[in-house]
Colleague: 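Input: one structure, supplied below.
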Amino acid sequence: MQKFNRHTPQLTKLAACLLGSSSLLAAAQTTPPAPAAAASAPVAKQAQLEAVVVTGLRGALESALRKKRDETGIVDVIKSEDIGKFPDTNLAESLQRMPGVVIDRDAGEGRQITVRGLGGDFTRTRINGIEGQTSTGGTDSSGGSNKTRTMDFNVFASELFNSVTLRKSSAAEVDEGSLGAVVDLQTTRPFDLKGFTAAGSLKGSYNDLSGKTTPRVAFLVADTFADRKIGLLLSGAYSKRSLLEEGFSTVRWDNGISSGGWCPPQGATIATGTTLPAGSTATTCGPAAQGVARLPNTPENQAAYQLASNAANFHPRLPRYGRLTHEQDRLGLTGSFQIRPSENTLVTLDMLYSKLKATRQEDFLEAISFSRTLGQGGKPQTSVVEAQYGPNGNLLYGKYNGVDIRAESRFDRLSTVYTQPTLTLEHDISDSLKFTGIAGRADSKFKNPIQTTTTLDVANVNGYTIDFRNSDRLPSITYPFDPATTGGSSFGIIGVPTGGATALTNGTASEIRIRPQGTNNRNDVMNLNLAWEAVPDKLTIKGGTSFKKYTFESYESRRAVETMYAPASIAGLTTMVTGFGKGQDLPAGTITSWAIPDLNAIASQYDIYCNCLKSGAAGGPGDFTLTSITNGNARGNNRAVTEYDRGAYLQADFRTRLGDVPVRGNIGTRLVRTQVIATGYLATGGGTAVTVSNKYEDMLPSLNLTAELNREMNVRFGAAKVMSRPPLQLMNPGGTINTTGTLSISTGNPNLDPFRANTVDAGFEWYFAKNALLGLGAFYKDIGSYIQSAVQTVKFKDTGLPMSLLPSNFTGDEQFALTSSFNTPGGKLKGIELNYQQPFTFLPAWGKNFGTVLNYTYVTSKITYYTSATSTVPIVDDLVNMSPRAWNASLYYDDGTFSARISTSSRSGYLTRVPGQNNNDVEGKNGTRNVDLSVSYKVNKNLDLSFEGVNLTNQPNDQFISRARDSVVVNNVTGREYMVGVRYKF
């Protein structure tokens, strides 16, 4: 018997609206036409349907809204505007246009997302039904190499996908692991298309800061055969980016008594916290032969020293101008094979390949004394000539003697390769019983085979000044020498003297740091599902099992000592940064050129990549051998985690009526058991492998309800218990253990329980006009378990570490001070979302082609952060990564031939670390507001021309430290990007 969807009358009315014909609606509500009349209907109907096909931006919005409306849970959807034409050049930047989603950028491009205040560790991403995990290598200020559960979306070209679904409410049939949301990415399949389809695009992208133009190309070819029983598809995308990132940074701020304090003037009262260098004389800081002259004993010098030594006054640790040069190549390919061997069976094989290859060079001109101790020739040898501070403790102006200046150049070669085969089997066992099986492997390999830093240095410069009085984000810095020169009293290579030394006394030698590293993530997944339509159109019972094996591996190597011997001459070993600060309104007199090391020349002269001992003693400045587990500085990044996740669920999908109100929904529960095996290395014995196992179990009930109050209004409700597994970086059982003197352990904690929360979601949707929506959503999450680092006193036998690490006379009952991560009480997270979308069809003439999409999100959550083992006053502040306010606004025009969209995405400031480092309460990022533009013109049904502008306001990456001071940590810009393109569809 043919089944009719109960929405058929509504769809018929919608079709009538699309056709602008009341007669069709009337016909749908009356007796079918006579056979004679029906004979001519196919031609007329075909003409009518062809007249109302909606494509482009308006069509994508319409399709996404329709999918959102039909879902039982609380979701948001983005659809591709056309074959291979996603609305943004980056998936993360498309996701940020959804209510509740904000993004974090790296190199000017969206990298990671936060949903409803919960960062990437709380969000899971599925690609074609398989959970994936990708890692890339970012700048240190943007998190560095990703060794977490957070998804890096910049690995993928947006052209590879045709839809993104963001699931904000939980259901038993959806994989566990998310407190925030589940992101479903879907590639195109041949049976999605009608027969032979081909499309290709070519774009040129220009960055106004780098002044370079780079290509972006994409294609898709698909066809079906054997009466649509077989389908094949191949798509690909390639893009290249070349851009500069420039600005000022500080690598955090610290207070006046940090690192041993300042060099006191002659005869000064030594300030509390000052460490006077051993061997200091009345006139020098340090021994006369090595020390730096103290300032004369004047009231002005005494006052400046005391003011700067106040623990409430802060200064930048490494004030520096910097240029980062990013070169990036991204290649993506998808393949899909579908076969329908019978009417009841569909087999789909999807293949996804993506490779992100990049280089990054970071060139800095910096003062290094303010962050260094006496042994490094740092603050205790630096004198404060003048100092001014604001009432909040921020440095306004400072003049210093005895400052070490460095030109630092770092080069990274990076690549991420992601592969994912996915096999899906759908089989109708009977009219009422359906089987679906999915199996696949998501494999991400990140490699950073070259991460090399070289430096030029000049020691103990007098008269260095830094002035924040005109700008707290971009200060004026003066150097008492020309940084663009080398030799003499300017930049050179300060080497360690031969004869067995590995470092300078009371000084900092020039360095060659070599730190290759990488991260592997693999997820093997199998899901088996049955759906039984127990009562046609009213009740479907679903059940299934899932198996996941997730493996994570991180590795790194370093030199034992990163100093170097001085060359006979630096001739040929240096190069230049020129033209710094284009379009940044730099203070008058700012340095725009400086000398930097020439990595290739230094690598050749010193043979730094030989992985061998070139000269001197082993472990000295001439030793370029790389070690990992036995190297205390690299050991912590050598670790692994394997998780076995076994799940089963039972869910009922139902449709019913409460009085005259249609209600649909689902109710069910998911049982999941997790086994964790974590491996790390303790410092004992030069690196002792430690493996710790852990198990936990979660029962996760869920309920989703949607009530259709009338044809235009939906009310939604969802409730669930959810969990998110502990962050990978906190599960390392390696570290240090001290079994003499004060018994102590510093390590990660594989025995962590997951984050757990009870969630409630509610929503009201009013579809008040055709393709229009006014929505209000509210959400509440009671996070019962949070994870923080702290110090606790525990018996050794309760740590999970093996007894073999203890001396033979220990029993395991000894109390150790354990510095690690622990489950702590969480907090409440709550918020609202407003969503408005409408085409302006009510306007006359061409005004009806305009429309808008607006949304606003407000989130609040307070967490109690434990700052140290001795502190009795914790910090109560926002959840990390949560922007309290975020909004998006898009105004578009689309008449079927010409379309344009201008979009603004805004997020308020948010925290990235609590407690902050270097005696600060918090670290974070200030708010951002990005404006983008896209314009396209359809020359004919096959050919489109396009223009796009990205980051039109050249929004800076503005990072801060301290709530009260808002001290600048990073203030970099990446420039505006403009793209011109052509697209052809066959």
Colleague: For S242 and E327, does a side-chain donor sit closer than 3.5 Å to a side-chain acceptor?
Modeller: yes
Colleague: Given 3.5 Å as the limit, does a donor-acceptor pair link the side chain of S336 with the main chain of L233, or not?
Modeller: no
Colleague: Can you find a side-chain donor-acceptor pair between N128 and Q186 that sits under 3.5 Å?
Modeller: yes
Colleague: Do the side chains of R241 and E109 get close enough for a salt bridge, i.e. N-O under 4.0 angstrom?
Modeller: yes
Colleague: If you measure from the Lys or Arg side-chain nitrogens to the Asp or Glu carboxylate oxygens, is any gap between E62 and R66 under 4.0 Å?
Modeller: yes
Colleague: Could you tell me whether K830 atom NZ has more than 12 heavy atoms of other residues or ligands within 6.0 Å of it?
Modeller: no
Colleague: Is W766 atom CH2 crowded by more than 12 heavy atoms from other residues, nucleotides or ligands, each under 6.0 Å away?
Modeller: no
Colleague: Taking the side chain as everything from C-beta on, heavy atoms only, tell me whether L118 gets closer than 4.5 Å to L879.
Modeller: yes
Colleague: For residues S903 and S890, is any side-chain donor paired with an opposing acceptor at under 3.5 Å?
Modeller: yes
Colleague: Would you call E71 and R716 a salt bridge, taking side-chain N to carboxylate O under 4.0 Å as the test?
Modeller: no
Colleague: Would you say the side-chain atoms of T422 and D350 include a donor-acceptor pair closer than 3.5 Å?
Modeller: no
Colleague: Looking only at the side chains, is there a donor atom on one of T974 and E245 sitting less than 3.5 Å from an acceptor on the other?
Modeller: no
Colleague: Would you mind reporting whether D412 and N448 have side-chain heavy atoms less than 4.5 Å apart?
Modeller: yes
Colleague: Looking only at side chains, do T165 and D184 share a donor and an acceptor under 3.5 Å apart?
Modeller: no
Colleague: Does the side chain of Q112 come under 3.5 Å of the side chain of D152 through a donor N or O and an acceptor N or O?
Modeller: yes
Colleague: One thing to verify: whether R126 and E131 come together as a salt bridge, which I'm taking to mean a side-chain N less than 4.0 angstrom from a carboxylate O.
Modeller: no
Colleague: Would you say that F446 contacts L414 through its side chain, given a criterion of any heavy-atom pair below 4.5 Å between the two side chains?
Modeller: yes
Colleague: Is D932 close to R97 at the side-chain level, that is, under 4.5 Å between some pair of heavy atoms?
Modeller: yes
Colleague: Are the charged groups of R907 and D104 less than 4.0 angstrom apart, N to O?
Modeller: no
Colleague: Taking the side chain as every heavy atom from C-beta outward, state whether L61 and Q837 have any atom pair closer than 4.5 Å.
Modeller: yes
Colleague: Applying side chain to side chain donor-acceptor pair (under 3.5 Å), run through R189 and T348 and close with a yes or a no.
Modeller: CA-CA 8 Å; R189 293 167 169 169; T348 303; 4.8 Å; no
Colleague: Regarding N714 and T706, is there a side-chain donor-to-acceptor distance under 3.5 Å anywhere?
Modeller: no
Colleague: Using a strict threshold of under 4.0 Å (side-chain N to carboxylate O), is an ion pair present between D329 and K355?
Modeller: no
Colleague: Restricting to ring-ring contact (aromatic ring centres under 6.0 Å, His included), what partner residues turn up for Y984, sequence neighbours left out?
Modeller: F986
Colleague: Please determine if R149 and D121 form a salt bridge, counting it only when a charged side-chain N lies under 4.0 Å from a carboxylate O.
Modeller: no
Colleague: Test S80 against N162 for side chain to side chain donor-acceptor pair (under 3.5 Å), laying out the working first.
Modeller: CA-CA 5 Å; S80 178; N162 66 9; over 6 Å; no
Colleague: Mind checking whether F122 and F755 have parallel, tilted or perpendicular rings, split at 30° and 60°?
Modeller: perpendicular
Colleague: Taking the six-membered ring of Y767 (Phe, Tyr or Trp), confirm whether the NZ or CZ of R69 is under 6.0 Å from its centre and within 45° of its axis.
Modeller: yes
Colleague: Give me each pair satisfying side-chain hydrogen bond (donor to acceptor under 3.5 Å, both in side chains) with a member in residues 213-222, each pair once, sequence neighbours excluded.
Modeller: E159-R216
Colleague: Compute whether any side-chain donor of one residue and acceptor of the other, for N888 and N855, lie under 3.5 angstrom apart.
Modeller: yes
Colleague: Between E833 and K168, is there a salt bridge with N-O shorter than 4.0 Å?
Modeller: yes
Colleague: Go through the steps for K67 and D76 under the test salt bridge (Lys or Arg N to Asp or Glu O under 4.0 Å), then give the verdict.
Modeller: CA-CA 8 Å; K67 189 174 189 304; D76 287 299; over 6 Å; no
Colleague: Per the side-chain contact (heavy atoms from CB on, under 4.5 Å) rule, which among M882, R929, K925, R885 passes with S908?
Modeller: R885
Colleague: Does F552 reach the side chain of R522, with side-chain heavy atoms less than 4.5 Å apart?
Modeller: no
Colleague: For T334 and S235, does a side-chain donor sit closer than 3.5 Å to a side-chain acceptor?
Modeller: yes
Colleague: Is K445 paired with D443 through a side-chain N to carboxylate O contact shorter than 4.0 Å?
Modeller: yes
Colleague: Would the distance check show the side chain of S883 and the main-chain N or O of A886 forming a donor-acceptor pair, the cut-off being under 3.5 Å?
Modeller: no
Colleague: Looking only at side chains, do S135 and N521 share a donor and an acceptor under 3.5 Å apart?
Modeller: yes
Colleague: Under 30°, 30 to 60°, or over 60°: which ring-plane class applies to Y418 and F156, parallel, tilted or perpendicular?
Modeller: perpendicular
Colleague: Between the side chains of K848 and D894, is the shortest nitrogen-to-carboxylate-oxygen separation below 4.0 Å, so that they form an ion pair?
Modeller: no
Colleague: Between N90 and Q96, is there a side-chain heavy-atom distance shorter than 4.5 Å?
Modeller: no
Colleague: Indicate yes or no: does E176 engage R725 in a salt bridge with an N to O separation below 4.0 Å.
Modeller: yes
Colleague: Mind checking whether F850 and Y893 have parallel, tilted or perpendicular rings, split at 30° and 60°?
Modeller: perpendicular
Colleague: How about S936 and S899: does a side-chain donor come under 3.5 Å of a side-chain acceptor?
Modeller: yes
Colleague: Any side-chain heavy atom of F779 within less than 4.5 Å of one from R116?
Modeller: yes
Colleague: Return yes if some donor-acceptor pair links the side-chain N/O of N704 with the main-chain N/O of S170 below 3.5 Å, else return no.
Modeller: yes
